[in-house]
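Here is the structure we will look at, set down as structure tokens.
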Amino acid sequence: MPKDTLTITDNRTGKTYEVPVENGCIRTNALRQIKVADDDFGLMGYDPAFLNTANCKSAITFIDGDKGILEYRGYPIEQLAEKSSYLEVAYLLLNGELPTPKELDNFVHLVTHHTYVHENVKSFMDGFRYDAHPMSVLGSTVAALSSFYPEAKYTKDEQSRRIQITRLIAKMPTIAAFSYRHLMGLPYIYPDNDLSYVANFLAMVKRVGTATYKVHPVLERALDVLFILHADHEQNCSTTSVRTVGSSEVDPYSAVTAGIGALYGPLHGGANEAVLRMLREIGHISKVPDFIKSVKSGEGEKKLMGFGHRVYKSYDPRAKVIKRVADEVFDVTGKNPLLELAVELERIALQDDYFVKRKLYPNVDFYSGLIYEAMGFQAEMFPVLFAIPRTVGWCAQWEEMVLDSEQKIARPRQIYTGQKRRDYVAMDKRAAK
Ligand code: ACO
């Protein structure tokens with residue numbers, strides 16, 4: 001029977017060490033015993049961007065990137081996208097099990113009755129420039145919420161944690177819609193508690209004048225499915241930011257604000273906005289080969305936005321579901337003229353050696369922007385449309401981190417590459433460079 005250990009021989013000293021292997025990992029702290037001298041700090045791992053370092057144990061989301069598998073609490077994403085609703089999935093992510101009808105009713109009621117924001121939040125949002133990007137407005141406003149709920153700092157108190165999580169999930173669509181109305185110079189529309197989570201958000205975005213706006217049921221379901229697909233994705237950049245900031249025991253509003261900041265970047269949740277800009281820049285199907293050529297040559301550090309993923313190396317299972325949703329949405333809204341271009345770009349890229357060799361496939365963001373645009377959203381709203389559903393993933397991961405007795409304040413090590421110690425040089429003795 002093989003032992004679950006790793007034997008390491010340090011060729012610098014000839015010494016041998018035995019390190020336990022657990023869940024396919026070694027604890028890098030176990031390397032600290034490996035020293036060349038007594039006053040040596042000990043061996044560390046160097047892993048910029050956490051390419052091969054697990055930062056936590058988590059029971060929420062499972063991904064097998066080689067096989068294209070994504071599961072929330074063990075349930076395949078394809079089944080949840082077909083059979084479930086976003087708030088049912090939110091309950092699942094937070095509590096570990098699918099809700100009974102009564103549990104779901106209670107959860108929906110709770111979320112629905114926390115959608116309003118303090119009136120001061122509105123005036124706070126009015127202070128932004130007329131053309132402020134809604135993602136900046138969202139991040140700053142969520143950060144400001146911690147000043148409205150000072151008890152949120154009691155992160156060890158279960159009751160406090162749960163009410164803040166409910167508030168975050170419930171208020172995110174309201175703040176997101178307000179950030180859009182601010183950009184468009186339209187008056188804010190208050191939440192309508194008779195509508196579903198998604199229909200209420202769409203109404204707050206779209207209603208003008210009287211309450212005559214009716215959400216098309218196909219679009220309501222499509223957005224609900226997109227919300228399910230975006231609800232969690234284990235230790236991605238924004239979730240890692242939430243866990244890192246949350247590890248200082250700050251309130252969840254401040255931690256989630258860090259997640260919104262990370263999501264804003266074009267390599268993460270800002271990618272769907274970047275895909276649309278890229279498609280517009282290409283402009284015509286005849287220009288696709290030239291564009292692919294310029295990406296491959298690294299010209300202007302161009303990337304094929306919406307392609308590639310740190311974890312998925314076969315396909316992104318969310319992208320498959322999104323393609324189906326896109327067809328349903330386009331049946332209602334008419335085809336997005338950029339769709340043809342996107343399909344051609346995907347076709348050419350998937351045959352090209354450069355992308356094949358590097359295992360670059362369309363990710364969740366390649367088609368989502370086209371759907372959002374067909375539904376009438378400005379490109380600036382795309383990352384916001386990602387942040388709304390990801391809030392539950394951030395909250396579930398934050399709470400798991402708070403309850404994990406192995407977690408401590410996040411504090412990586414570094415390899416110092418700067419100057420050796422030296423003495424201060426007086427101003428008149430410094431040579432000009
Ligand atoms: N276009 C062209 N080349 C690419 C792309 C792309 N989209 N993505 C990766 N590559 C190339 C890299 O240049 C690199 O090539 P090299 O080996 O010759 O140097 C190789 O593929 C490996 O790429 P890495 O950068 O090492 O992959 P990493 O895991 O660090 O990055 C990422 C993943 C950030 C998603 C990257 O693929 C990318 O920038 N994609 C475009 C942005 C995007 O769509 N982001 C959304 C991700 S999904 C999400 O956040 C919801």
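Values in this document were obtained by computation on a predicted structure and should not be read as measured data. As the structure lists them, so they are numbered: ligands from 1, and atoms in each ligand from 1.
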Completion exercise
Per-atom filter on ligand 1: closer than 4.0 angstrom to a heavy atom of Phe386 are 51 (C)
Exercise for the section: Measure up the His230 and Tyr372 rings against each other and bin them: parallel (under 30°), tilted (30 to 60°), perpendicular (over 60°). Expected result: tilted
Practice task
Starting from atom 48 (S) of ligand 1, find the nearest protein heavy-atom neighbour and note its residue, name and distance.
Solution key: His309 CD2, 3.7 Å
Problem - Those atoms of ligand 1 less than 4.0 Å from some heavy atom in Gly306 - result: 43 (C), 44 (O)
Handout entry: Working for side-chain hydrogen bond (donor to acceptor under 3.5 Å, both in side chains), residues Gln407 and Ser247
Key = CA-CA 8 Å; Gln407 288 293 333; Ser247 76; over 6 Å; no
Practice task
Say whether Phe366 and ligand 1 are in contact under the criterion: heavy-atom distance to a ligand atom below 4.0 Å.
Solution key: no
Fill in the blank from the handout: So the atoms of ligand 1 within less than 4.0 Å of a heavy atom of Ala271 turn out to be 43 (C), 44 (O), 45 (N), 46 (C)
Exercise for the section: Indicate yes or no: at least one non-hydrogen side-chain atom of Leu110 is less than 4.5 angstrom from one of Asn106. Expected result: no
Exercise for the section: Report the nearest protein non-hydrogen atom to atom 42 (C) of ligand 1: residue, atom name, distance rounded to 0.1 Å. Expected result: Met305 CE, 3.5 Å
Exercise for the section: Mark yes or no: Lys122 above the aromatic ring of Tyr190, with NZ or CZ under 6.0 Å from the six-membered ring centre and no more than 45 degrees from the axis. Expected result: no
Exercise for the section: Measure the CD-CZ distance between Gln235 and Phe50 for me, rounded to the nearest 0.5 Å. Expected result: 10.0 Å
Fill in the blank from the handout: Note: ligand 1 atoms sitting under 4.0 Å from heavy atoms of Val364 are 51 (C)
Exercise for the section: Specify the protein heavy atom at minimum distance from atom 35 (C) of ligand 1: its residue, its atom name, and the distance to 0.1 Å. Expected result: Gly308 O, 3.7 Å
Exercise for the section: Answer whether the closest heavy-atom distance between the side chains of Thr155 and Gln164 falls below 4.5 Å. Expected result: no
Practice task
Tell me, please, whether Phe41 has Lys35 positioned over its six-membered ring: NZ or CZ under 6.0 Å from the ring centre and within 45 degrees of its axis?
Solution key: no
Exercise for the section: Do me a favour and list the nearest non-hydrogen protein atom to atom 18 (O) of ligand 1 with residue, atom name and distance? Expected result: Arg358 NH2, 2.9 Å
Handout entry: Per-atom contacts of ligand 1 with Leu304, taking only distances under 4.0 Å to non-hydrogen atoms
Key = 1 (N), 2 (C), 6 (C), 7 (N)
Handout entry: Point-to-point distance, once rounded to the nearest 0.5 Å, from CD of Gln397 to OG1 of Thr239
Key = 5.5 Å
Handout entry: Tyr354 N/O under 3.5 Å from ligand 1 N/O
Key = yes
Exercise for the section: Establish, for the pair Arg358 and Tyr354, whether the NZ or CZ atom is under 6.0 angstrom from the six-membered ring centre and no further than 45 degrees off its axis. Expected result: yes
Handout entry: Phe307-ligand 1 polar pair, N/O distance under 3.5 Å
Key = yes
Practice task
Taking the side chain as every heavy atom from C-beta outward, state whether Arg73 and Leu98 have any pair of such atoms under 4.5 Å apart.
Solution key: no
Handout entry: Parallel, tilted or perpendicular, as decided by the 30° and 60° cut-offs, for the rings of His309 and Tyr312
Key = tilted
Problem - The one among Leu267, Asp365, Val311 that brings a heavy atom closest to atom 45 (N) of ligand 1 - result: Leu267
Handout entry: Test item: protein heavy atom less than 4.0 Å from atom 32 (C) of ligand 1
Key = no
Practice task
Determine, considering heavy atoms only, which of Val295, Leu360, Asp316, Ile292 sits nearest to atom 8 (N) of ligand 1.
Solution key: Leu360
Problem - Nearest option to atom 25 (O) of ligand 1, as decided by whichever heavy atom of Lys303, Lys357, Arg310 sits closest - result: Lys303
Completion exercise
Note: His268, heavy atoms under 4.0 Å from ligand 1, region reported as both
